[in-house]
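So the structure is just underneath, and the comments pick up after that.
In the text below, chain A, chain B and the rest are named by the order of the sequence lines, each starting its count at 1.
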Number of protein chains: 2
Amino acid sequence: MPAQTIVPVEANLINALEDRGLRKTSARSAVTTRIETASGAFTAEQLCRDLPEVGRATVYRTIRHLVDAGALCKLPMLDGAPKYSVARNEHHHHTICSRCGAVEEFRHSTVERVMRSLEKEIDGDIVGHRMEIFITCSNCLAESNRGGSSGR
Amino acid sequence: MPAQTIVPVEANLINALEDRGLRKTSARSAVTTRIETASGAFTAEQLCRDLPEVGRATVYRTIRHLVDAGALCKLPMLDGAPKYSVARNEHHHHTICSRCGAVEEFRHSTVERVMRSLEKEIDGDIVGHRMEIFITCSNCLAESNRGGSSGR
DNA sequence: TCCTAATTGATATCAAGTATCAATAAATTG
DNA sequence: CAATTTATTGATACTTGATATCAATTAGGA
Ligand SMILES: [Zn+2]
Ligand SMILES: [Zn+2]
Ligand SMILES: [Zn+2]
Ligand SMILES: [Zn+2]
């Protein structure tokens, strides 16, 4: 067997697009494999920089399609451009590291149970919810313990 | 007694600025009283339109000061400009009507308790959280029950 | 292969928000 | 109160993030 090939963790983003009746093109494949290969959340501009061979408009359009398909989460940030993160589970929330920006998905049944219990107390019909937990991730904690004074 | 005067519900936004060592100016008073008088959440651009006598830069600066002072909440929206809402309680969350955009503040002790319990399960240190519940508010429900087919 | 509709991407444009900086207005001092 | 000092203002230019346009290209089916 030859040297092992790097296999993307998820090879379904392009499928998510095809499932919506969109054509499989080289530009779209470039965008989706880049998202799948690179780790973690990203901004649209980062993706454009990483893929200079794909036009900005196409990058933005592809991101929009993926969000519409539910394959990407759009995370509006308190300031700056929104981040996008691959959606691995149907319904979930996110942890965001305030130090380095790392985004992780999480699910917790208690949270969902509490949400359902809120229906009685809230005026109107609940149609959805969103939640983010801001953390200092373990990487960043380790970093500062090693005497790193700078935030990066 | 003459015809009753309209009294703003909260007259403390300008104080929040003065407490931070900022001067009380007519431009800032115009901004804060407009926020206090008008009801509900708003965008920076809306405020600019409502106060043509105040420069855009000043409107944006004043909003930023108020957010820094904790007197306004900044709510990043999934798309479009963020909304701002007067902060009545120290820590709280928001309900947002997906139909009309109305924003309400809410607090629920169970939610906070669950948050604390999550500390054990999440990798890293929790430094904060944010949560929004998307609703169809009772106004909008009533509206559609009265046979209003249009969303507005 | 040929045809047609979808896609692309350079460019222009838009929208939200910030930086600049001379003119103005608050507070402070005498 | 007048003079002085310092913060504030706002017109303007600019930045950033994102979308609209549209001729040229490409995917996918007949
Ligand atoms: Zn981190
Ligand atoms: Zn949930
Ligand atoms: Zn409503
Ligand atoms: Zn909370």
Co-membership, hydrophobic cluster, residues Val86(B) and Leu51(B), 4.5 Å side-chain: yes
Under 4.0 Å between any heavy atoms, over every strand shown, what does Arg28(B) touch: base, sugar-phosphate, or nothing? Just pick one.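 Sugar-phosphate, backbone atoms only, no base.
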Once you build an axis from the first five pairs and another from the last five of the helix from dT1(C)-dA30(D) to dG30(C)-dC1(D), how far apart in angle are they, to 10 degrees? 30°
Min side-chain heavy-atom separation [X]-[Y] under 4.5 Å:
X         : Y         : answer
Phe42(B)  : Ile63(B)  : yes
Val67(B)  : Tyr84(B)  : yes
Thr110(A) : Glu112(A) : no
Ile96(B)  : Lys83(B)  : no

For chain A, the stretch of DNA chain D it reaches, first to last nucleotide, under 4.0 Å of its heavy atoms: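 Under 4.0 Å from chain A, the extent on DNA chain D is dG17(D) to dG28(D).
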Apply ring-ring contact (aromatic ring centres under 6.0 Å, His included) to His129(A) and His93(A), showing your working. CA-CA 9 Å; His129(A) 64 264; His93(A) 303 286; 5.0 Å; yes
Listed in order of residue number, which residues of residues 38-48 of chain B have a non-hydrogen atom at under 4.0 Å from DNA chain C? Ala44(B), Glu45(B)
Flag yes if more than 12 heavy atoms outside Glu121(B) fall under 6.0 Å of its CD atom; otherwise flag no.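 Result for CD/Glu121(B): enclosed.
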Strictly below 4.0 Å, N to O, side chains only: are [X] and [Y] in salt-bridge contact?
X         : Y         : value
Arg130(B) : Glu132(A) : yes
Glu18(A)  : Arg23(A)  : no
Arg56(A)  : Glu45(A)  : yes

Quick one: Lys83(B) NZ to dA16(C) C1', roughly how many Å, whole number?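 Value for this atom pair: 16 Å.
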Taking transitive links into account, so neighbours of neighbours count too, which hydrophobic residues share a cluster with Ile122(B) at under 4.5 Å side-chain distance? Phe106(A), Val111(A), Val114(A), Met115(A), Leu118(A), Ile122(A), Ile126(A), Met131(A), Ile133(A), Ile135(A), Phe106(B), Val111(B), Val114(B), Met115(B), Leu118(B), Ile126(B), Met131(B), Ile133(B), Ile135(B)
On DNA chain C, does the nearest nucleotide to Ala57(A) precede the nearest nucleotide to Arg61(B) from the 5' side, or the other way round? Give the residue.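 On the 5' side of the pair lies Ala57(A).
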Please write out each protein N/O paired with an N/O of nucleotides 25-30 of chain C under 3.5 Å, distance rounded to 0.1 Å.
residue : atom : partner  : partner atom : Å
dA26(C) : N3   : Arg23(B) : NH1          : 3.3

Is there a donor-acceptor contact under 3.5 Å from the side chain of [X] to the main chain of [Y]?
X         : Y         : answer
Thr58(A)  : Val54(A)  : no
Ser144(B) : Leu141(B) : yes
Arg107(B) : His91(B)  : yes

Please give me every residue in residues 63-81 of chain B whose heavy atoms get under 4.0 Å of an atom in DNA chain D, ordered by residue number.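 Here the set is empty: none.
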Using side chain to side chain donor-acceptor pair (under 3.5 Å), reason through Asp123(A) and Ser138(B) one step at a time and then give a plain yes or no. CA-CA 6 Å; Asp123(A) 197 37; Ser138(B) 42; 2.8 Å; yes
